[in-house]
Amino acid sequence: MFSKQQLIDSIRQKKSFLCIGLDTDPEKIPNFLKDFPNPVLEFNRRIIDATHDLCIAYKPNTAFYECYGAKGWQNLIDTCNYIPAANFKISDAKRGDLGNTAEMYAKAFFNKEISGMEFDAVTVAPYMGSDSVMPFLQHKNKWAILLALTSNQSHQDFQLMENEEGALYQQVLQQSQTWGTPEQLMYVVGATRGEAFAKIRKIVPDHFLLVPGVGAQGGSLEEVCKYGMNADCGLIVNSSRAVIYASDGRDFAEAARAEALQVQQTMQTELEKHGFLK
């Protein structure tokens with residue numbers, strides 16, 4: 001389990017709200033690792049060993065594992081189980097289906113007895129409504145992280161469509177609050193959205209936001225904090241490529257740590273600026 005208060009305590013202890021995305025591509029990892037029996041798992045282990053004290057969370061994107069079939073799925077299980085218990089574990093699976101199917105997805109990521117792994121949270125697409133989200137929320141002490149306003153270029157195709165009740169992403173934020181509490185629900189909001197965080201905080205002032213798009217995608221951490229931070233910090237900011245691919249040499253883990261440390265120090269400054277660290 002990982003409660004909201006535990007997240008807040010972890011942020012305060014580590015002076016960080018960094019999430020490291022383990023989007024591990026076998027084509028991008030250092031060549032020398034290919035001499036190991038399991039290059040992907042060796043890469044992930046070394047990244048985790050080098051950075052776990054600087055981040056509060058890890059977020060494997062399941063597509064980078066699923067595409068390799070049974071071996072890739074086993075790598076996801078082994079990676080999940082290797083992440084220390086003190087770190088929040090997010091399965092970036094972006095699932096979105098109904099009823100029994102959604103429940104099976106929830107069991108896959110939450111029930112270790114069935115699947116062999118246990119994440120604390122799963123990203124979920126809410127387009128099909130509450131039926132696609134509620135099965136995740138029925139698992140005690142687990143989180144559903146709903147896609148709200150994403151960082152991809154074509155987000156405007158649907159997310160910004162408006163009617164008299166506002167933009168679609170705003171309606172998702174508003175309606176979904178009737179499904180669960182800030183102890184169960186988070187929202188994905190892309191760092192490249194800038195001032196939209198101010199609008200979002202008017203609708204969901206108390207929820208945590210998972211924020212991709214800082215680093216390689218060019219999002220501004222300072223802007224995210226200016227408009228998105230609340231009294232509990234309320235932010236989990238993800239960086240994937242900028243950290244895990246900081247070097248393609250034998251020093252890749254050390255380079256990842258150096259990059260994560262730089263982000264953590266910037267985050268500490270922002271936490272102090274906003275009065276979270278006293």
> Given His139, which of Phe109, Tyr105, Phe119, Phe110 fulfils the ring-ring contact (aromatic ring centres under 6.0 Å, His included) condition?
Replying inline: Phe110

> Is Glu118 paired with Lys142 through a side-chain N to carboxylate O contact shorter than 4.0 Å?
Replying inline: yes

> Can you check whether Val204's main-chain N or O pairs, donor with acceptor, with Arg201's side chain at less than 3.5 Å?
Replying inline: yes

> So, Gln74 and Asp78: side-chain donor and acceptor under 3.5 Å apart, yes or no?
Replying inline: yes

> Under 6.0 Å from the CE atom of Met128, do we count more than 12 heavy atoms belonging to anything else shown?
Replying inline: yes

> Looking at Val40 and Ile29, what are the two nearest heavy atoms and their distance?
Replying inline: N-CD1, 4.3 Å

>> Tell me which one of Asn238, Thr51, Leu18 satisfies side-chain contact (heavy atoms from CB on, under 4.5 Å) with Tyr58.
In response: Thr51

> Considering all heavy atoms of both residues, which atom of Thr24 and which atom of Tyr65 are nearest to each other, and what is their separation?
Replying inline: OG1-OH, 3.5 Å

> Can Gln268 and Gln264 be counted as having a side-chain donor-acceptor contact under 3.5 angstrom?
Replying inline: yes

> Is the Phe252 ring parallel, tilted or perpendicular to the Phe43 ring (thresholds 30°, 60°)?
Replying inline: parallel

> When you check the side-chain N and O atoms of His207 and Gln184, is any donor under 3.5 Å from an acceptor?
Replying inline: no

>> Tell me whether Glu254 is salt-bridged to Arg257, with the criterion being a basic N under 4.0 Å from an acidic carboxylate O.
In response: no

> When clusters are formed by joining ILVMFWY residues with side-chain heavy atoms under 4.5 Å apart, either directly or through shared neighbours, do Met104 and Phe136 land in the same one?
Replying inline: no

> Can a donor-acceptor pair be found between the side chains of Asp49 and Tyr82 at a distance below 3.5 Å?
Replying inline: yes

> When you check the gap from the basic side-chain N to the acidic O, do Glu42 and Arg46 get nearer than 4.0 Å?
Replying inline: yes

>> Heavy-atom count check: over 12 atoms from other residues, nucleotides or ligands less than 6.0 Å from Phe32 CZ?
In response: yes

